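One-based numbering, in listed order, for ligands and for the atoms of each. Keep in mind it's a predicted model, so treat the numbers as computed, not measured.
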Amino acid sequence: MSKYIINGGAALDGSVSVDCAKNAYLPILAATILCEGQVILNRAPDFVDVKNMCVILEKLGLKITHQGDVLVIDGASANPKFVPVDTAKLLRSSIFTLGAMLGRFKRARVAYPGGCDIGQRPINIHLKGLRDLGVKITESHGTLICDASDQHGGTIMLDFASVGATENLVLFSVLGREKTTIVNCAREPEVVDMCNFLNKMGARVYGAGTSVIEIEPVKKLNGTEYTPIPDRIIAGTYLIAGAITHGRVEVKNCNPANFTSLIDKLRNSGCILRVKNDKISLKSPKTLRSVGLIETQVYPGFPTDLQAQMLVLQALSRGCCVVRENIFESRFKFVPELIKMGANIDVHDRTAFVEGVSALSGADVVAKDLRGGAGLVLAGLCANGYTTVHDIYHIERGYADFDKRLNELGANIRREV
Ligand code: EPZ
């Protein structure tokens with residue numbers, strides 16, 4: 001199993017560019033199932049999750065040609081083959097293929113995507129929405145067998161503003177028969193980006209970014225070329241890396257308007273941030289202040305995907321901070337690893353009580369999930385001595401060349417197989 005070996009202590013100093021957003025690329029890849037023409041997607045990030053989504057699409061009959069970081073996708077020969085459990089479990093986003101397959105072929109069979117290290121990851125909201133739109137769903141031996149021959153429109157309500165359920169139900173409705181209105185939608189920028197992509201193919205999706213999305217059905221979608229938005233979570237991760245090492249980091253090719261909640265917290269911690277178009281620069285103070293309270297919320301609140309990275313920053317800030325994880329039920333699995341490095345944290349259910357310490361010491365730690373693993377790398381960057389982060393396959397699901405880019409910023413990190 002690969003690992004990172006980090007010699008901590010260097011103040012990061014430099015500029016880093018951001019990849020396209022994993023959580024935009026994945027639903028957009030699923031959306032290509034709806035199109036019989038050719039789609040060109042630019043700047044495909046070198047994330048394991050994106051590669052696995054391409055594997056799933058190819059198993060469903062789509063043809064994908066890689067031209068550097070450009071994906072040329074032809075959906076003409078797509079067919080509603082069964083997405084087997086070993087493929088579906090490759091990544092949770094396999095569930096997005098359900099909405100798209102049902103939208104185009106009115107039938108689909110897909111294995112339950114299953115949970116992961118941050119929680120049960122149920123899909124009840126997805127299934128309730130599909131059933132409310134006329135889909136017959138039977139579940140047998142972990143497989144969902146779906147029939148949308150009686151699909152209809154109407155207004156449906158999400159019990160929670162689920163990102164995946166919003167995306168799946170929009171994908172299902174684009175080639176429907178009647179107008180569909182989805183209430184209590186997720187407002188994340190990645191949802192908006194997927195809807196913009198659909199509209200560029202000729203769909204008629206209105207209201208993305210608000211809590212009510214309306215879809216006027218169309219008969220077919222046309223091929224197009226598209227570049228998804230930059231990854232706001234990667235941008236935030238590098239900014240926090242600059243803050244925690246008391247350095248200066250400029251993040252390029254990002255959209256600061258998509259992570260104002262993080263910018264606000266970093267300013268409260270004493271960092272100086274300057275925003276200029278698609279660039280944001282951070283200068284960290286000698287002593288970081290605790291921000292007092294972090295509550296993860298749906299967008300535009302503080303993103304759960306930056307909770308781990310921000311918690312590590314609080315572990316090294318003067319004062320106490322309460323971190324409340326409101327979105328996933330077990331997103332503190334990295335905390336025991338952080339405590340091995342000398343952090344002073346108490347976790348009770350979904351709340352972490354953090355008392356800042358003056359320094360962490362390097363240790364052998366194990367990544368348990370994508371963002372918690374990224375948080376452990378940040379801890380290693382500023383710890384005294386060497387930190388080894390094991391099981392970095394979790395991290396490589398959503399960060400490309402993480403070691404290389406951190407070294408370009410002045411860190412001392414190497415990847416070992
Ligand atoms: C998306 O996951 C992202 N993944 C996650 O990013 C992100 O943390 C999450 O949205 C919240 O922003 C992708 O976009 C590929 P949800 P998703 O449905 O769609 C519960 C990362 O690190 N829920 O908004 O799975 C669920 O259990 C990943 O990049 C139900 O109960 O998130 C969770 O507690 C991690 N029933 C909450 O809602 C459902 O049917 C939020 O889930 C669906 C969700």
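Shown in contact with Ile123 at under 4.0 Å from a heavy atom are these atoms of ligand 1, numbered in order with element: 39 (C), 40 (O). Near Lys22, meaning under 4.0 Å from any of its heavy atoms, are these atoms of ligand 1: 21 (C), 29 (O). Interface of Arg371 with ligand 1, defined as ligand atoms under 4.0 Å from a residue heavy atom, comprises 21 (C), 22 (O), 29 (O).
When all heavy atoms of Cys271 and Ser284 are compared, the closest pair comes out as SG-CA, 4.1 Å. Considering all non-hydrogen atoms of both residues, Leu293 and Cys321 come closest at N-SG, 4.0 Å. Heavy-atom minimum distance, Thr296 versus Ile327: OG1-N, 3.7 Å. For the pair Pro217 and Arg177, the tightest heavy-atom approach, listed with the atom from each and the gap, is CG-C, 3.7 Å. Taking every heavy atom of both residues into account, Glu216 and Tyr206 meet most closely at CG-CE1, 3.7 Å. Residues Gln297 and Asn326 approach most closely at NE2-ND2, 3.6 Å, considering heavy atoms.
Residue contacts with ligand 1, taken as heavy atom pairs separated by less than 4.0 Å, involve Ile327 via backbone and side-chain atoms alike. Contacts with ligand 1 closer than 4.0 Å are made by side-chain heavy atoms of Asp305 only, the backbone lying farther away. Neither the backbone nor the side chain of Met53 has any atom closer than 4.0 Å to an atom of ligand 1 (non-hydrogen atoms only). Residue Thr304 touches ligand 1 through its side chain alone, judged by heavy-atom distances below 4.0 Å. With a 4.0 Å cut-off on non-hydrogen atoms, Glu190 does not touch ligand 1 at all. The parts of His126 lying near ligand 1 are both backbone and side chain, judged by heavy-atom distances below 4.0 Å. Contact annotation: for Leu370 versus ligand 1, heavy atoms closer than 4.0 Å belong to the side chain alone. Counting heavy atoms closer than 4.0 Å to ligand 1, residue Tyr299 contributes nothing at all.
Taking any N or O of Glu329, backbone or side chain, none lies under 3.5 Å from an N or O belonging to ligand 1. Backbone and side-chain nitrogen or oxygen atoms of Glu167 are examined, and none is located within less than 3.5 angstrom of a nitrogen or oxygen of ligand 1. Between Ile118 and ligand 1, no N or O atom pair is found at a separation short of 3.5 Å. On a distance-only criterion, Gly164 and ligand 1 share at least one N/O pair closer than 3.5 Å.
With hydrogens left out, the protein atom closest to atom 25 (O) of ligand 1 is Arg92 NE, 2.7 Å, a heavy atom. Scanning the protein heavy atoms around atom 12 (O) of ligand 1, the nearest turns out to be Val163 CG2, 3.9 Å. Protein heavy atom at the shortest distance from atom 17 (P) of ligand 1 is Arg121 NH2, 3.9 Å. Here the heavy atom of the protein found nearest to atom 36 (N) of ligand 1 is Asn124 OD1, 2.7 Å. In terms of protein heavy-atom proximity, atom 18 (O) of ligand 1 is closest to Ser162 OG, 2.7 Å. Atom 40 (O) of ligand 1 has Ile125 N, 2.8 Å as its closest protein atom, hydrogens excluded (heavy atom only). Protein heavy atom at the shortest distance from atom 3 (C) of ligand 1 is Asn23 ND2, 3.6 Å.
Salt bridge status for Arg331 with Asp305: present, with a side-chain N to carboxylate O gap under 4.0 Å. Using a 4.0 Å cut-off between charged side-chain N and carboxylate O, Asp19 and Arg405 make a salt bridge. Salt bridge annotation for Lys22-Asp49: present, with a cationic side-chain nitrogen under 4.0 angstrom from a carboxylate oxygen. Using a cutoff of 4.0 Å between basic side-chain nitrogens and carboxylate oxygens, Glu325 and Lys333 are not scored as salt-bridged.
For the ligand labelled ligand 1, residue Arg331 lies inside the 4.0 Å heavy-atom shell.
Between Asp231 and Thr237 the shortest side-chain heavy-atom distance does not fall below 4.5 Å.
Within a 4.0 Å radius of atom 20 (C) of ligand 1, the protein has no heavy atom.
To the nearest 0.5 Å, the span separating CD1 on Ile339 from CZ on Phe334 amounts to 9.5 Å.
Across the listed options Ala308, Pro122, Ala21, Ser330, Pro122 owns the non-hydrogen atom lying nearest to atom 43 (C) of ligand 1. When Phe160, Phe47, Phe328 are ranked by how near their heavy atoms come to atom 38 (O) of ligand 1, first place goes to Phe160.
Under a 3.5 Å cut-off, the side chain of Asn184 and the backbone N or O of Leu158 do form a donor-acceptor pair. Panel note: side chain Arg274, backbone Ser281; no donor-acceptor pair is recorded below 3.5 Å.
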Evaluate the salt bridge (charged side-chain N to carboxylate O under 4.0 Å, His left out) criterion for residues Glu416 and Arg414: first the C-alpha distance (whole Å), next the side-chain angles of each, then the deciding distance (0.1 Å), finally the verdict.
CA-CA 6 Å; Glu416 273 193 10; Arg414 72 176 190 276; 3.1 Å; yes
